[in-house]
There are 2 protein chains.
Amino acid sequence: MLETMDILKERLKEKGSKLTPQRRATLNIIMENKGEHLNTEEIYELVRKDCPEIGLATVYRTLQLLEEMDIISRINLDDGCSRYEIKTGDEDHQHHHLICQGCNKIIEVKIDLLDDLEKEIEKEYDFDIKDHKLKFFGLCSDCKHK
Amino acid sequence: MLETMDILKERLKEKGSKLTPQRRATLNIIMENKGEHLNTEEIYELVRKDCPEIGLATVYRTLQLLEEMDIISRINLDDGCSRYEIKTGDEDHQHHHLICQGCNKIIEVKIDLLDDLEKEIEKEYDFDIKDHKLKFFGLCSDCKHK
DNA sequence: TCTCAATTAATAATTATTTTCATACCTTAG
DNA sequence: CTAAGGTATGAAAATAATTATTAATTGAGA
Ligand SMILES: [Zn+2]
Ligand SMILES: [Zn+2]
Ligand SMILES: [Zn+2]
Ligand SMILES: [Zn+2]
């Protein structure tokens, strides 16, 4: 927990920015909710408990910043808003998501077997791949069996 | 071209809906622009040439409908709006997209090698996969070499 | 042709997000 | 200590994409 905060502080300093209480509180909430996929409004409500005076615009600004700093990543689940999750540095790429069309549950997939596919595409299309995003849609175990 | 229109008519009828001139014109524009990834506003502007009285809200509704009918698919390129393209029935899943972070060009990837990965996930997570969406981010040939 | 639900255009309303702006807060030079 | 210059903030206004409302129109089947 401390480590990520220190990384943020470091990267902010490089950019001439500061680690403010609002930014600290926002990052803390996202770290405490690892595995959730909170949207901006939800993050705002949670941060307000620690930091009641914070404004929604600041949360938006902070999330943008944290994404630029490569601390969190934005997820688009086609539900009309952006969601965020902490980036765990130990993964090469991010994990992926299974989205249940029955109950809207989100399941995280740890497997990442796109390396071969990426290599093939890089050669075939002369394209330098930096990252990818992959979502699967379907029915979860519960929804399938009823 | 005729075929897709007939499929739409068929599916609409099943649902008790009608194939109106507005819907026909919208689908035509999307079919004529295969390979493009038009957003709603762009589709609206193009449809207006054939069908000047059409309203933007109708285009929104029609695109929603065409997506439900599995005739077109929505693409999210994180540029703040939805884009659409015709679904070519001869592909098992859809093709994927390479998004250049240098010039925002979109390149279509015909390769789809996710079948093995899907099987593995279906077993591991007891999840029934219906579809997937995959995007790659990086630098295109032009942007890479300059 | 007649009937009626489906559809539409125009408009207003929503929703998520961004921008504006005046103020507050630091850090540093004088 | 105090002023200057920069960053950050909250509140409110502005934007942009999308959806809801409503009253009028249309088109397919009897
Ligand atoms: Zn489910
Ligand atoms: Zn996740
Ligand atoms: Zn490029
Ligand atoms: Zn495409």
Side-chain angles (χ1 to χ4, degrees), chain A residues 5 8-29 37-69 71-84, chain B residues 5-6 8-29 37-69 71-72 74-84:
Chain A
M5 195 61 77
L8 173 59
K9 189 169 187 177
E10 186 57 35
R11 294 192 187 156
L12 284 171
K13 192 189 272 179
E14 283 170 21
K15 188 176 165 276
S17 298
K18 309 166 200 176
L19 181 52
T20 63
Q22 289 89 337
R23 289 171 181 175
R24 212 184 339 253
T26 303
L27 176 54
N28 272 328
I29 286 300
H37 300 86
L38 304 173
N39 66 27
T40 311
E41 200 74 37
E42 289 163 346
I43 292 168
Y44 173 57
E45 288 306 328
L46 290 170
V47 172
R48 248 144 63 103
K49 290 178 186 166
D50 297 328
C51 194
E53 74 287 2
I54 198 170
L56 181 55
T58 300
V59 176
Y60 271 101
R61 282 184 293 235
T62 302
L63 293 172
Q64 231 172 248
L65 195 68
L66 291 174
E67 201 196 357
E68 282 166 27
M69 305 266 130
I71 304 278
I72 63 176
S73 62
R74 185 157 43 118
I75 310 162
N76 190 313
L77 300 176
D78 294 315
D79 63 347
C81 61
S82 295
R83 295 176 177 276
Y84 297 89
Chain B
M5 194 62 77
D6 291 341
L8 173 59
K9 188 169 187 177
E10 185 58 35
R11 294 192 188 157
L12 284 170
K13 191 189 270 179
E14 282 171 21
K15 190 176 163 274
S17 298
K18 310 169 199 178
L19 181 52
T20 63
Q22 289 89 337
R23 288 172 182 174
R24 211 181 343 248
T26 304
L27 176 54
N28 272 328
I29 287 300
H37 300 86
L38 304 174
N39 67 26
T40 310
E41 201 74 36
E42 290 163 346
I43 292 168
Y44 173 57
E45 289 307 328
L46 289 170
V47 171
R48 248 142 66 103
K49 292 179 186 166
D50 297 329
C51 193
E53 73 289 359
I54 198 171
L56 180 56
T58 299
V59 176
Y60 272 101
R61 280 183 299 238
T62 301
L63 292 172
Q64 228 172 251
L65 193 68
L66 291 174
E67 201 196 358
E68 283 167 26
M69 305 265 129
I71 303 279
I72 64 176
R74 184 156 46 116
I75 309 162
N76 190 312
L77 300 176
D78 294 315
D79 63 348
C81 62
S82 295
R83 295 177 177 276
Y84 297 88

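None of these values were measured; they are calculated from a predicted model. Reckoned from all heavy atoms, side chains included, excluding hydrogens, waters and symmetry mates. Below, chain A is the first sequence line, B the second, and so on; all start at residue 1.
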Sorted by position of nearest nucleotide on DNA chain D, 5' first, the leading residue of V59(A) and K13(B) is V59(A)
Spacing between L63(A) atom CG and dT9(D) atom P, to the nearest angstrom: 12 Å
For N39(A), is there any backbone N or O sitting under 3.5 Å from a side-chain donor or acceptor partner on E42(A)? yes
With nearest nucleotides of DNA chain C determined for L56(B) and Y60(A) from heavy-atom distances, which residue corresponds to the more 5′ nucleotide? L56(B)
Got I54(B) and T26(B) here, is their nearest side-chain heavy-atom distance under 4.5 Å? yes
Nearest whole Å is fine: how far is dG27(D) C1' from K18(B) NZ? 5 Å
Does M69(B) reach the side chain of L66(B), with side-chain heavy atoms less than 4.5 Å apart? no
Classify the nucleic acid contact of E53(A) as base, sugar-phosphate or nothing, counting any heavy atom under 4.0 Å across all strands shown. sugar-phosphate
Would you indicate, yes or no, if dA20(D) has its OP1 or OP2 atom less than 4.0 angstrom from a side-chain nitrogen or oxygen of R61(B)? no
On a heavy-atom basis, which atom in Y84(A) and which in I72(A) lie closest, and how many Å separate them? CD2-CD1, 3.5 Å
Rounding to a whole Å, what distance do you find between L12(A):CG and dT9(D):P? 10 Å
Span of DNA chain C engaged by chain A, first through last nucleotide within the 4.0 Å heavy-atom cut-off, is dA16(C) to dT20(C)
Can you find a side chain N or O atom of Q22(B) that sits less than 4.0 Å from OP1 or OP2 on dT26(D)? no
Of N39(B) and L19(B), the one whose closest nucleotide on DNA chain D sits nearer the 5' end is N39(B)
Which residues pass the side chain to side chain contact (heavy atoms under 4.5 Å, CB included) test with D79(A), not counting sequence neighbours? L77(A), C81(A), R83(A)
Could you list the donor-acceptor pairs under 3.5 angstrom formed by side chains in residues 12-25 of chain B, with sequence neighbours left out?
unit_1: T20(B); atom_1: OG1; unit_2: R23(B); atom_2: N; d: 3.3
unit_1: R23(B); atom_1: NH1; unit_2: K18(B); atom_2: O; d: 2.8

